[in-house]
Amino acid sequence: MNKLPRSFFNRPTLQVAQELLGKILVIGKTSGRINEVEAYIGQNDPACHACRGKTERNKAMFGPAGHLYVYFTYGMHHCANIVTEKTGFPAAVLIRGIQPLEGAEQMEKRRGRKDHLANGPGKLCIALNMTKKSHNEMDLCGKSKDGVYDDGFVPPKIKTSPRIGIREGLDKKWRFYF
DNA sequence: GTCCCGATTCTA
DNA sequence: AGAATCGGGACT
């Protein structure tokens, strides 16, 4: 399996988002195939956390591509994104769903159930044990095994829709899944 | 310092 | 349809 290099993420976000579908996200001893993502792009995207500028929370989005942007929301959930585009341009791809591969048993334990292990951004962070404290700003293109891998899998026809759970920017169909 | 609400999830 | 639950960010 090839680990995706920083150059993969340092490209237009919509392209990165679609090409992430079918790739394998590895975090610690758990992994899964990405099957749902959303793009959040820059200061002109009203749904993007960075639309009103750089803050302590969203600063990872302004950093180099290939790093994680993990944030805490609704008082109880974490969501994980992979930063895209050049340093200084705030954009990222939210990972909304994966099909569990390695460590499924561990994921079942963390989730406390055997189904719906990682079919949502909050659930996925629980399954992979990702938190803001431990994973925000982590580099996925470094020496560590954590990262995104290509095993040659080609996803079926990609579907699109408006992004989930937002109030503005519903005109953009930046959710991709299969 | 205060106030409002969220890129969610689960249950009823 | 509604609750759970708390930190960030906009604003006083």
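It should be emphasised that the depicted structure is a prediction, and the values quoted were computed from it without experimental measurement.
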Shortest non-hydrogen separation from A:Pro46 to A:Cys51 and the atoms involved
O-SG, 3.8 Å
Among B:dC10, C:dC6, B:dA7, which nucleotide has an atom closest to any side-chain atom of A:Ile166?
B:dA7
Which of these nucleotides, B:dT9, B:dC10, C:dG8, is closest to any side-chain atom of A:Lys132?
C:dG8
From C-beta outward on A:Arg113, which listed nucleotide comes closest to its side chain: B:dT8, B:dC10, C:dG9?
B:dC10
By the 4.0 Å heavy-atom rule, please label A:Arg57 as base, sugar-phosphate, or nothing.
sugar-phosphate
Applying the 4.5 Å side-chain criterion to the ILVMFWY set and letting contacts propagate, would A:Met138 and A:Val83 be lumped into a single cluster?
no
Just the rounded figure in Å: distance from C1' of C:dG7 to CD of A:Glu56.
12 Å
Figure out the OH/P separation between A:Tyr71 and C:dG9, and round it to whole Å.
12 Å
Strictly by Watson-Crick or wobble contacts shorter than 3.5 Å, is anything paired with C:dC11, and which nucleotide is it?
B:dG1
Tell me which nucleotide among B:dT8, C:dG9, B:dA7 gets nearest to the side chain of A:Thr55.
C:dG9
Mind calculating the distance between OH (A:Tyr69) and P (B:dA7) to the nearest angstrom?
9 Å
For A:Met76 and C:dG8, give me the distance from atom CE to atom P, rounded to whole Å.
16 Å
Are more than 12 heavy atoms, taken from residues, nucleotides or ligands other than A:Gln43, located less than 6.0 Å from that residue's CD atom?
yes
Give the nucleotide from the list C:dG9, C:dG7, B:dG6 with an atom nearest to the side chain of A:Tyr74.
B:dG6
Rounding to a whole Å, what distance do you find between A:Leu170:CG and B:dA7:P?
12 Å
Counting only Watson-Crick or G-U wobble pairs whose two distances fall under 3.5 Å, which nucleotide matches C:dT5?
none
Has A:Arg11 got its NZ or CZ under 6.0 Å from the middle of the six-membered ring of A:Phe9, at an angle within 45 degrees of the ring axis?
no
Could you tell me how far apart A:His49 (NE2) and C:dG8 (C1') are, to the nearest whole angstrom?
10 Å
From the list B:dT9, C:dG7, C:dG9, which nucleotide is the closest neighbour of the side chain of A:Asn58?
C:dG9
Give a yes or no on whether the ring-centroid distance for A:His49 and A:Tyr71 is below 6.0 angstrom.
yes
Applying the 5.5 Å / 30° rule, does A:Tyr40 stack onto the base of B:dA7?
yes
Could you check which of B:dT9, B:dT8, C:dG9 has an atom nearest any side-chain atom of A:Ile164?
B:dT8
A:Ile126 atom CD1 is separated from B:dT8 atom C1', nearest whole Å, by 10 Å
What is the separation between atom NE2 on A:His116 and atom C1' on B:dT9, rounded to the nearest whole Å?
12 Å
P gap between B:dT2 and C:dT5, integer Å:
23 Å
Using a heavy-atom cut-off of 4.0 Å across all strands, would you classify A:Arg175 as base, sugar-phosphate, or nothing?
nothing
List the steps and the verdict of side chain to side chain contact (heavy atoms under 4.5 Å, CB included) for A:Ile24 and A:Met1.
CA-CA 9 Å; A:Ile24 298 174; A:Met1 291 207 296; 3.7 Å; yes
Using a 4.0 Å heavy-atom cut-off, does A:Gly122 contact any base of the nucleic acid, only the sugar-phosphate backbone, or nothing at all?
sugar-phosphate
